[in-house]
Amino acid sequence: NRIVALAMADSDAEGVLFLDQDSGVPRKSVANLLTTYKRLKQDSRLRVGVLSGVAMRSDGLPYRLYPVAQGADTVAGVHSVRMTPSSFSLIPTQALKVVGRFYDDFFIDHIDVDYCYRCRAQGYLVAIDPSAPFPHQIGHGLVFVLGFPVTPISSPFRHYYQVRNIILSARRRGVPWFSALAEVVKRFVVIGVLGLKAGSLSTRYRYALMGLVHGIGGNGGPMTKKRR
């Protein structure tokens, strides 16, 4: 948000390019993303809210996409999606002025997902550029079930933020309540699989339950020893 504030105060800044410490972005992908953005900007029917690259797993396959609707996921050569990670993404300052900034009190997890839903609620396009792939590492590896990747292996404390911030987003009219509740149920199932495969099952559920309680209570910010 500090960088966003600087960009919004600079009349010459057209957007903010977000990068992540766990991603390596090829120069060609950066160039392709900027080229695609300029092309989309020329289409008066579109208002770009978030344009990101394609996050690739270590095995060379892309992470799952979340299309807006079946059969209607391609717009002007990009994938129109409900949400996309901010790890390698471009957000125009005009969208930031309308949609607002990220929520600082989310601290970690779900920040970009919430922003994507807020963008779409304001009529902005959230899209992934297929010409801009980049390697992205989530967590400490992947859990596989029957040969299929199910979930990244994250530290147990992250489940607190994963659950809490979904609920906080719904409370603030980001993610719709139905989607938020479905995601919370799904998250608890995934935590169970993750705990059985990677260990620390009871600890993981303890953090998740605490996140559930604090989310319902509207408590944001970093998790402190006092809150535990």
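The figures that follow rest on heavy atoms only: side chains count, while hydrogens, waters and symmetry mates do not.
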Min side-chain heavy-atom separation [X]-[Y] under 4.5 Å:
| X | Y | answer |
| --- | --- | --- |
| Phe107 | Met223 | no |
| Phe88 | Leu19 | yes |
| Ser52 | Ser87 | no |
| Val175 | Met83 | no |
| Met8 | Leu96 | yes |
| Phe18 | Asp112 | no |
| Phe188 | Val163 | yes |
| Asp20 | Ser86 | no |

For the atom pair [atom1] ([X]) and [atom2] ([Y]), what is the distance rounded to the nearest 0.5 Å?
| X | Y | atom1 | atom2 | answer |
| --- | --- | --- | --- | --- |
| Arg172 | Arg118 | CZ | CZ | 9.0 Å |
| Asp104 | Arg2 | CG | CZ | 8.5 Å |
| Met210 | Arg206 | CE | CZ | 6.0 Å |
| Asn219 | Leu168 | CG | CG | 8.0 Å |
| Leu194 | Leu201 | CG | CG | 9.0 Å |
| Leu212 | Arg164 | CG | CZ | 12.5 Å |

What do the steps show when you test Tyr103 against His110 for side chain to side chain contact (heavy atoms under 4.5 Å, CB included), and what is the final call? CA-CA 10 Å; Tyr103 288 130; His110 207 71; over 6 Å; no

Q. Have Tyr117 and Arg82 got a donor and an acceptor in their side chains that come within less than 3.5 Å?
A.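 A donor-acceptor contact under 3.5 Å links the two side chains.
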
_Would you say His159 and Arg204 are linked by a side-chain donor-acceptor pair, where the criterion is simply a distance under 3.5 Å?_
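Their side chains do contain a donor-acceptor pair, which is all the 3.5 Å distance test asks for.
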
On the 0 to 90° scale, with breaks at 30° and 60°, tag the Phe157-Tyr207 ring pair as parallel, tilted or perpendicular.
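Geometry flag for Tyr207 against Phe157: perpendicular rings.
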
Flag, side chain of [X] to backbone of [Y], donor-acceptor distance under 3.5 Å:
| X | Y | answer |
| --- | --- | --- |
| Tyr37 | Pro92 | no |
| Arg47 | Gln122 | yes |
| Asn1 | Phe102 | yes |
| Asn165 | Ile111 | no |
| Ser169 | Asp114 | no |

**Message:** Which residue in the set Val126, Val50, Thr84 passes side-chain contact (heavy atoms from CB on, under 4.5 Å) when paired with Tyr115?
**Reply:**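 Among the candidates, only Val50 passes.
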
| message | Using the rule side-chain hydrogen bond (donor to acceptor under 3.5 Å, both in side chains), only one of Thr36, Thr35, Asn32 pairs with Asp129; which is it? | response |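 Among Thr36, Thr35, Asn32, the one that satisfies the side-chain hydrogen bond (donor to acceptor under 3.5 Å, both in side chains) with Asp129 is Thr36.
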
